[in-house]
*Asks:* 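Just dropping this structure here.
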There are 2 protein chains.
Amino acid sequence: MHSSAEENYLKAIYKLQEANGEMVATSALAQVLGIHMASVTDMLKKMSNKKLVAYQKSKGFKLTEKGRVAAIGIIRKHRLWEVFLVDKLGFRWDEVHDIAEQLEHIHSLELIDKLDAYLDFPKTDPHGDPIPDAKGVFAISKSVLLASLLPGSQGKFTGVTDHSSAFLNYLDKIGLSLGDSIKVKEVEEFDKNFTLVLKGKKSVIVSFKVANSLLISE
Amino acid sequence: MHSSAEENYLKAIYKLQEANGEMVATSALAQVLGIHMASVTDMLKKMSNKKLVAYQKSKGFKLTEKGRVAAIGIIRKHRLWEVFLVDKLGFRWDEVHDIAEQLEHIHSLELIDKLDAYLDFPKTDPHGDPIPDAKGVFAISKSVLLASLLPGSQGKFTGVTDHSSAFLNYLDKIGLSLGDSIKVKEVEEFDKNFTLVLKGKKSVIVSFKVANSLLISE
DNA sequence: AATAAATATTAGGCTAGCCTAATATTATAG
DNA sequence: CTATAATATTAGGCTAGCCTAATATTTATT
């Protein structure tokens with residue numbers, strides 16, 4: 001079994017690979033984990049010996065298949081626990097991250113599969129992130145950043161890329177919720193503000209910064 | 001916040017104090033934790049500095065009030081998670097211990113109180129052990145070992161002192177379940193076997209060894 | 001009370017996972 | 001192409017929590 005530290009590295013590497021393509025840099029990992037580069041070099045050497053990551057000198061490193069499977073398992077656990085915390089225990093979507101970060105390290109395949117069934121096999125977590133099934137397969141769903149859409153486009157708000165409490169609370173405040181159908185009414189040339197029309201004819205204006213953290217599907 | 005190692009010590013000390021009175025010996029703790037005595041001495045010195053335990057040279061040590069509160073908090077978490085695993089996820093009572101041992105170290109007061117509410121404030125865990133409330137108070141319930149009862153006594157089977165899979169499976173096999181009303185029909189002089197009559201007029205015979213791990217109330 | 005047995009403590013080591021400081025390598029700019 | 005900046009690695013240290021071996025202290029036995 002992997003240690004919590006290792007699991008955190010695996011998850012972080014996976015996410016960096018998803019976001020920035022193939023190879024990941026020591027510095028990038030150090031930054032997202034809040035750990036010094038020397039320590040990362042250290043740890044990666046160990047994980048490399050365990051065949052969790054493969055790395056080419058000065059090109060960076062990436063997960064091996066074994067590492068990828070492990071990473072997806074952790075992401076699955078994290079997201080399922082988030083669903084549990086929100087759907088069953090009544091936490092708000094901005095409160096669950098830290099607790100799920102702990103719960104994701106509980107070791108028991110049986111536990112997580114039973115939890116999955118108990119939650120009725122959810123496909124996404126409370127932030128709209130996809131949850132891989134027991135085999136590690138994600139139900140593919142294409143989504144784009146609101147920031148990339150042109151006036152007139154429409155779709156459904158299905159996810160966020162910023163999971164901070166500050167951001168999530170802001171969305172709650174302006175009344176934008178996961179699942180809302182939206183239409184881009186206007187994109188202001190001058191400051192890139194987006195004017196959106198929501199299903200119930202309400203309209204909201206969000207900054208480019210916000211639009212850049214909202215995922216739209218369909 | 002306390003480390004998992006510390007929490008395991010706290011819980012073990014608490015249980016030893018419950019079982020064997022006031023002072024706990026280094027050796028006893030080493031034995032139940034499966035750790036060498038020298039390591040225990042080490043750790044206790046640290047916990048002593050943190051005022052979690054108080055120890056008098058060569059008399060042993062005991063929890064301080066602070067340590068006791070912490071220990072009860074961990075026990076509360078362990079038992080609530082066990083209820084969750086059995087009642088909600090469908091685990092059997094003999095399967096939950098190891099997973100609960102991990103879950104009990106998740107740090108979040110809010111989580112555990114919400115879990116408690118979600119489970120509808122259970123008073124006992126799947127093995128009949130009492131669950132302290134959020135203030136650390138146990139709903140007192142007097143129980144005695146079946147082994148101490150005389151023929152003719154009756155009561156309700158409300159707990160076990162042996163949590164091993166082997167033992168719990170044996171009880172399942174002979175059809176003895178938590179909550180069953182029982183009456184001691186006979187105690188064989190020769191081998192101390194107990195003949196019990198269950199509510200639905202079934203009768204079962206258990207050895208002294210088994211009787212010594214069954215708690216009877218009322 | 002003297003000795004053996006049991007119990008406890010000290011001393012020195014080890015690993016995981018982090019740190020700082022120093023050095024090496026690679027990329028970028030003039 | 002060289003100087004500087006950015007990135008990566010090595011070397012040496014630290015803490016938590018464990019270990020073994022050696023030593024000390026208690027308790028029990030004769």
Side-chain angles (χ1 to χ4, degrees), chain A residues 1-13 16-17 19-63 67 70-71 74 101-102 104-107, chain B residues 1-13 16-17 19-63 67 70-71 74 101-102 104-107:
Chain A
M1 206 65 339
H2 307 121
S3 69
S4 292
E6 265 174 354
E7 294 189 343
N8 287 335
Y9 275 82
L10 288 169
K11 196 175 54 158
I13 297 168
L16 284 172
Q17 277 190 217
N20 316 326
E22 273 295 87
M23 305 306 268
V24 173
T26 306
S27 51
L29 196 45
Q31 207 225 308
V32 304
L33 288 173
I35 282 172
H36 283 238
M37 271 182 27
S39 310
V40 172
T41 299
D42 242 43
M43 182 59 123
L44 285 175
K45 229 179 293 176
K46 290 171 195 164
M47 291 176 70
S48 200
N49 292 336
K50 293 189 184 176
K51 307 287 181 212
L52 291 170
V53 300
Y55 77 141
Q56 288 138 344
K57 279 238 160 186
S58 73
K59 280 196 65 180
F61 41 85
K62 61 176 183 179
L63 294 176
I74 297 153
E101 291 263 293
Q102 297 180 61
E104 75 191 6
H105 300 299
I106 302 293
H107 295 301
Chain B
M1 206 64 346
H2 307 121
S3 69
S4 291
E6 264 174 353
E7 294 190 342
N8 288 335
Y9 275 81
L10 288 169
K11 197 174 52 155
I13 297 168
L16 284 172
Q17 278 190 217
N20 315 327
E22 273 295 86
M23 304 305 270
V24 173
T26 305
S27 51
L29 197 43
Q31 206 225 307
V32 304
L33 287 172
I35 283 173
H36 283 239
M37 271 182 26
S39 311
V40 173
T41 299
D42 242 45
M43 182 57 124
L44 285 175
K45 230 180 291 177
K46 291 171 194 164
M47 292 175 69
S48 200
N49 292 336
K50 294 189 183 175
K51 307 289 181 210
L52 290 170
V53 300
Y55 77 140
Q56 287 138 344
K57 278 240 155 175
S58 72
K59 281 195 64 179
F61 41 83
K62 60 175 183 180
L63 295 175
I74 297 153
E101 291 263 292
Q102 297 180 63
E104 74 190 8
H105 300 299
I106 302 293
H107 294 301

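A, B, ... follow the sequence lines: proteins, then strands. Residue 1 opens every chain.
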*Asks:* Measure from the side chain of A:Ala25, starting at C-beta and using heavy atoms only, and say which of C:dC18, C:dA11, D:dA8 lies closest.
*Replies:* D:dA8

*Asks:* Can you confirm whether more than 12 heavy atoms, excluding those of A:Lys11, are under 6.0 Å from its NZ atom?
*Replies:*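 Yes, the 6.0 Å shell around NZ holds more than 12 heavy atoms from other groups.
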
*Asks:* Between C:dA11, D:dT9, C:dG17, which one does the side chain of A:Ala5 approach most closely?
*Replies:* C:dG17

*Asks:* Which whole-number value in Å describes the distance from B:Met43 CE to D:dG17 P?
*Replies:* 4 Å

*Asks:* Within a strict 4.5 Å, meaning less than it, do heavy atoms of the A:Tyr55 and A:Val24 side chains meet?
*Replies:* no

*Asks:* Would one find a side-chain N or O of B:Tyr9 under 4.0 angstrom from OP1 or OP2 of D:dC18?
*Replies:*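 Looking at the OP1 and OP2 atoms of D:dC18, one of them is under 4.0 Å from a side-chain N or O of B:Tyr9.
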
*Asks:* Looking at C:dG17, C:dA8, C:dC19, which one has an atom nearest to any side-chain atom of B:Thr26?
*Replies:* C:dA8

*Asks:* Is B:Ser27 near enough to C:dA6 that one of its side-chain N or O atoms lies under 4.0 angstrom from OP1 or OP2?
*Replies:*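 Answer is no, no contact under 4.0 Å.
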
*Asks:* Within the 4.5 Å heavy-atom criterion, are B:Asn8 and B:His105 side-chain neighbours or not?
*Replies:*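 Result yes, sub-4.5 Å side-chain heavy-atom pair found.
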
*Asks:* Starting at atom NE2 of B:His2, determine the distance to atom P of D:dA16, rounded to an integer number of angstrom.
*Replies:* 14 Å

*Asks:* Decide yes or no on side chain to side chain contact (heavy atoms under 4.5 Å, CB included) for A:Ile74 and A:His2, but give the supporting numbers first.
*Replies:* CA-CA 11 Å; A:Ile74 297 153; A:His2 307 121; 5.9 Å; no

*Asks:* Taking only the side-chain heavy atoms of B:Lys46 (C-beta and beyond), determine which of D:dG17, C:dA11, D:dT9 contains the nearest atom.
*Replies:* D:dG17

*Asks:* Between A:Met23 (CE) and D:dT7 (P), how many Å, whole number?
*Replies:* 17 Å

*Asks:* Round to a whole Å and report the spacing from CG of B:Leu33 to C1' of D:dA16.
*Replies:*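 Distance, rounded to whole Å: 16 Å.
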
*Asks:* Quickly work out the A:Asn49 CG to C:dT15 C1' distance and round it to whole Å.
*Replies:*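 Nearest whole value for this atom pair: 15 Å.
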
*Asks:* Measure the distance from CE on B:Met37 to P on D:dA22 and round it to the nearest whole Å.
*Replies:*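 In whole Å, D:dA22 P and B:Met37 CE are 16 Å from each other.
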
*Asks:* Go nucleotide by nucleotide along DNA chain C from the 5' end; which of A:His36 and A:Glu6 gets its closest nucleotide reached first?
*Replies:*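 Its nearest nucleotide being more 5', the pick is A:Glu6.
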
*Asks:* Is the phosphate of D:dC19 approached by B:Ser39 (side-chain N or O, under 4.0 Å from OP1 or OP2)?
*Replies:*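 B:Ser39 to D:dC19 OP1/OP2: side-chain N or O found under 4.0 Å.
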
*Asks:* Grab the CG-C1' distance between A:Asp42 and C:dG17 for me, whole Å please.
*Replies:* 8 Å

*Asks:* Taking only N and O in the side chain of B:Thr41, is any of them less than 4.0 Å away from OP1 or OP2 of C:dT9?
*Replies:* yes

*Asks:* Could you give the NZ-to-C1' distance, from B:Lys45 to C:dT9, as a whole number of Å?
*Replies:*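 Those two atoms, NZ and C1', are 7 Å apart.
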
*Asks:* Looking at every non-hydrogen atom in both residues, tell me the closest pair between A:Glu6 and A:Met47 and how far apart they are.
*Replies:* O-CE, 3.9 Å

